[in-house]
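Residue numbers begin at 1 in each chain, while the letters A, B, ... track the order of the sequences. Below, each value reflects all heavy atoms present in this structure, side chains not excepted, and no hydrogens, waters or symmetry copies.
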2 protein chains.
Amino acid sequence: MTTTPPPRPRLRPTAAPARRGRPPTGSSTLSRDAIVLAAVEVIDAEGVEAVSLRSVARRLGVDAKALYNHIESKDSLLDAIAGEVLSRMVVPALTGDLSIDLMAIAQAFRVAALSSHRGAATLVLSRPVESLANLAPLEVTLAAFMGAGAEPEWAVHAVRTTLAYMTGTLLREASAGLTLGADDPEIAGPREAALVETGLPHVARVAPYLSRLDHAREFDFGIKILIDAFVAQLERASLDTRER
Amino acid sequence: MTTTPPPRPRLRPTAAPARRGRPPTGSSTLSRDAIVLAAVEVIDAEGVEAVSLRSVARRLGVDAKALYNHIESKDSLLDAIAGEVLSRMVVPALTGDLSIDLMAIAQAFRVAALSSHRGAATLVLSRPVESLANLAPLEVTLAAFMGAGAEPEWAVHAVRTTLAYMTGTLLREASAGLTLGADDPEIAGPREAALVETGLPHVARVAPYLSRLDHAREFDFGIKILIDAFVAQLERASLDTRER
DNA sequence: ACCTGAACACCGTTCAAGT
DNA sequence: ACCTGAACACCGTTCAAGT
């Protein structure tokens, strides 16, 4: 079904030699930022696994190797994409109520990680942050904990625990994680039956719930457990010191 | 530097044609299990990213395409590897004490996920379990919760929360996750200084702790928070029903 | 300073041809 | 039933040659 266009008539016999070097026509739009943005576009359009130097370059109308003038490697490009997506997180202003503030931060993180194509989330969640850029979310989370009287060391543990939970939950939500439940009732039905068939008594008993999964509610369940536990522990600590 | 070997004298003019088909010599050791095991060997020796159909086949002394007689695709091979690693988890016997049992299950999961090359962990943690095999860990965890009086639906939420936390923590530990801390003091030192330099007040204040990371202790901190919260919530629920 | 051609050493996968 | 050759459409990356 692919029709070859008719050959254009060559008016000038002086055929141009195979062109090399930077084409003079191009209004050199190539830059590190433009590359990262183009990569995000590829993710939005075709998913993470479609990201290649060639696919990104194609979107920029340039050869893949040209990217090496602005990035160090594909891996560093992936890091940059993760940073870009994370930088879009809207860090909420603190109210002074730890419960409310932690919940707001968690929701903002979830929105940022899952915004744009879900595939981008796996990048954000599975690569180490080593650039010290984008520390705003961390700073505000620490501020929330320490404003509520947390010791520095304890605050770091609490932040890491929260981040680990969110990473695990969102990775599951981005359709790449340990899970048995399904969003789609078309899938959940047969799966429930299969779980009952396993013969494992407890698995069979919880099959109706295990076969179904509401990502938003599941995220809330765990984050509430953690927040309540943090608040309770801080209250206990402040009571201890006041008693003396 | 590549020396071509001298051509062997051909005694028989009936030169064998380019051999095709299954070589009669091979004691056909190829099987799905053998392939999965060879893949795990590749991971242990060279890391996850070294796993390719060609590298696995090489270890088996066979052509890469031969694998397609036993596996459906590379992706299904990765699923099988994850299943194999998970199947090595030693599921602990329950004591009846929810705190103790949950902690034992969590530690066993951590050991299984991190056993062999760390790269295998990312496979186990980042692929959905869809084969209904290997449900033993899930069954025993549900048994622990429900033995302590948990409602089926709540037990499912609790299991998912715990698994999400462990996934996030272990992914960080398998050197692929959101983290700023380092195991190595050689790295932690300069990183602490860099964190202080950021100018972010709370980040700077917690820099000594944020720059350091003891994976085992960190895992324990979060899992204890969760377990205590679960136990407290179950106690409250049982008090509520008894009061009536 | 920045882009391309040629080249290299890889990938996963299909399919017909062999035993 | 199971393995290989040939082939295809991809990869990331280096480096010299061009502008």
- side chain to side chain contact (heavy atoms under 4.5 Å, CB included) between A/L226 and A/T161, intermediate numbers included: CA-CA 9 Å; A/L226 284 175; A/T161 298; 3.9 Å; yes
Round to the nearest Å and state the distance from [X] atom [atom1] to [N] atom [atom2].
X     : N      : atom1 : atom2 : result
A/K65 : C/dA6  : NZ    : C1'   : 9 Å
B/E49 : C/dC11 : CD    : P     : 12 Å
B/L77 : C/dC11 : CG    : C1'   : 14 Å
B/L53 : C/dT13 : CG    : C1'   : 9 Å
B/R32 : D/dC2  : CZ    : P     : 14 Å
A/H70 : C/dA1  : NE2   : C1'   : 9 Å
B/L78 : C/dG12 : CG    : C1'   : 12 Å

- Query: Touch check for B/N69, heavy atoms < 4.0 angstrom, all strands: base, sugar-phosphate only, or nothing?
  - Reply: base
- Query: At under 4.0 Å between heavy atoms, what does A/K74 touch on the DNA or RNA strands: base, sugar-phosphate, or nothing?
  - Reply: sugar-phosphate
The side chain of [X] lies closest to which of these nucleotides: [options]?
X     : options               : answer
B/R58 : C/dC11, D/dC11, C/dT4 : C/dC11
B/S52 : D/dG12, C/dC11, D/dC3 : C/dC11
A/D63 : C/dT4, D/dG12, D/dC3  : C/dT4
A/V62 : D/dG12, C/dT4, D/dC3  : C/dT4

Using a strict 4.0 Å threshold on nitrogen-to-oxygen distance, state whether [X] and [Y] make a salt bridge.
X      : Y      : value
B/R127 : B/D75  : yes
B/E197 : B/R191 : no
B/E218 : B/R212 : no

- Message: Does C/dT14 have its OP1 or OP2 closer than 4.0 Å to a side-chain nitrogen or oxygen of B/Y68?
- Response: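 It does not, given that no N or O in the side chain of B/Y68 lies less than 4.0 Å from OP1 or OP2 of C/dT14.
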- Query: Taking for each residue the nucleotide of DNA chain C with the nearest heavy atom, is it A/R54 or A/L67 whose nucleotide lies nearer the 5' end?
  - Reply: A/L67
- Is the Lys NZ or Arg CZ of A/R110 less than 6.0 Å from the centre of A/F219's six-membered ring, within 45° of the axis? yes
- Query: Which base, if any, makes a Watson-Crick or G-U wobble pair with D/dT4, both distances under 3.5 Å?
  - Reply: C/dA16
- Task: Could you let me know what D/dA9 is paired to, Watson-Crick or G-U wobble, both distances under 3.5 Å, or none if it's on its own?
- Result: none
